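Working notes, structure below.
Note: hydrogens, waters and symmetry copies are ignored here, and every other heavy atom, side chains too, is used. Values in this document were obtained by computation on a predicted structure and should not be read as measured data.
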Amino acid sequence: MAASTGPAGTEAPGPNTDGPDIQYSAILEHLVGDKRPVKELNPAVMGGLPVPYKSDEQKMIERGMESCAFKSLLACVGGFVLGGAFGVFTAGIDTNVGFDPKDPLRTPTAREVLKDMGQRGMSYAKNFAIVGAMFSCTECIIESHRGVSDWKNAVYSGCVTGGAIGFRAGLKAGVLGCGGFAAFSAAIEYYLR
């Protein structure tokens, strides 16, 4: 069919639109652009538990607790306490605690036994604190550099820590320390995850 034409051969006018023309770009700007109202996504509305808003102080404390320095300090203190307890425990079950190698027949006094237990506990505490701080610090730095939190961070950190500790005794000991500490870290990560 041919289009309807008027008396002078012109096309008939379309539907009457007395209001302003609606442009596609204006609708798109309203729905997607800067003029779109921002809706607050509240977990309570979506079926989750409501999460209270955090103040600036809470955010600052969270940033501090997530820092590598705090993690290393925490691992150092935890290693010191754990190492001290482990040292005192091993000294308590050792039958040679307090004995003088020059006079093995003399029975040690309680003071000598406690002194020896304290020395062993302090030695273990220092060693555990150093290893804990080294491991935690290197793991945090590696995780920050990689930008991924996975089991590989612990393995790399274990290799660095074990290698640094073993390297004091030579290259071979450093390589063995790297491999052994990395394998131990991988086993712990596998068990914990």
Side-chain angles (χ1 to χ4, degrees), residues 40-98 113-193:
E40 200 64 41
L41 293 177
N42 189 352
V45 174
M46 301 171 71
L49 296 174
V51 178
Y53 292 104
K54 296 178 183 173
S55 66
D56 291 336
E57 291 85 12
Q58 288 173 323
K59 291 177 185 177
M60 183 181 67
I61 289 173
E62 275 186 3
R63 280 192 305 270
M65 292 180 78
E66 289 294 322
S67 69
C68 291
F70 180 78
K71 288 179 180 180
S72 298
L73 180 67
L74 190 64
C76 184
V77 170
F80 188 85
V81 171
L82 184 65
F86 190 70
V88 169
F89 174 74
T90 57
I93 60 173
D94 188 7
T95 56
N96 294 328
V97 172
V113 171
L114 290 174
K115 180 181 177 187
D116 198 17
M117 287 176 72
Q119 288 175 345
R120 187 179 294 188
M122 186 58 73
S123 173
Y124 274 58
K126 289 177 186 176
N127 291 335
F128 273 55
I130 290 169
V131 170
M134 283 178 63
F135 182 82
S136 179
C137 183
T138 55
E139 183 181 27
C140 185
I141 290 170
I142 289 171
E143 182 178 328
S144 298
H145 179 71
R146 289 183 67 223
V148 179
S149 179
D150 61 358
W151 61 274
K152 292 179 185 177
N153 296 334
V155 173
Y156 296 151
S157 178
C159 181
V160 170
T161 304
I165 291 171
F167 191 68
R168 295 184 300 177
L171 182 62
K172 184 178 179 182
V175 171
L176 289 175
C178 172
F181 220 102
F184 180 73
S185 299
I188 294 295
E189 285 292 316
Y190 177 76
Y191 177 74
L192 291 178
R193 292 185 190 223

Heavy atoms of other groups near K71 NZ, more than 12 under 6.0 Å | yes
Return the minimal non-hydrogen interatomic distance between S72 and S136, and the atom names on each side.
-> N-OG, 3.6 Å
Evaluate the ring planes of F128 and Y124, with Trp represented by its six-membered ring, and classify them as parallel (under 30°), tilted (30 to 60°) or perpendicular (over 60°).
-> parallel
Taking T161 for its side chain and G158 for its backbone only, find out whether a donor-acceptor pair lies under 3.5 Å.
-> no
d(D56 CG, I61 CD1) to nearest 0.5 Å is 11.5 Å
Nearest heavy-atom contact between A91 and M117 is CB-CG, 3.6 Å
D116/Q119 under side chain to side chain contact (heavy atoms under 4.5 Å, CB included): CA gap, chis, key distance, verdict = CA-CA 5 Å; D116 198 17; Q119 288 175 345; 4.0 Å; yes
Sorted by chain and number, sequence neighbours left out, ring-ring contact (aromatic ring centres under 6.0 Å, His included) with F80 holds for none
What are the two closest non-hydrogen atoms of A133 and C76, and how far apart are they?
-> CB-CB, 3.9 Å
Nearest heavy-atom pair of D94 and R120: which atoms, and what distance?
-> OD2-NH2, 2.8 Å
Is a donor on one side and an acceptor on the other found under 3.5 Å between the side chain of T90 and the backbone of F86?
-> yes
For residues 139-149, which side-chain N or O atoms pair as donor and acceptor with protein atoms under 3.5 Å away, sequence neighbours left out?
{"unit_1": "S144", "atom_1": "OG", "unit_2": "C140", "atom_2": "O", "d": "2.9"}
{"unit_1": "R146", "atom_1": "NH1", "unit_2": "D150", "atom_2": "OD1", "d": "2.8"}
{"unit_1": "R146", "atom_1": "NH1", "unit_2": "N153", "atom_2": "OD1", "d": "2.7"}

Closest non-hydrogen atoms of K59 and K54, given as atom of the first, atom of the second and distance, are CE-O, 3.6 Å
Donor-acceptor pair, side chain of S157 and main chain of T138, under 3.5 angstrom = no
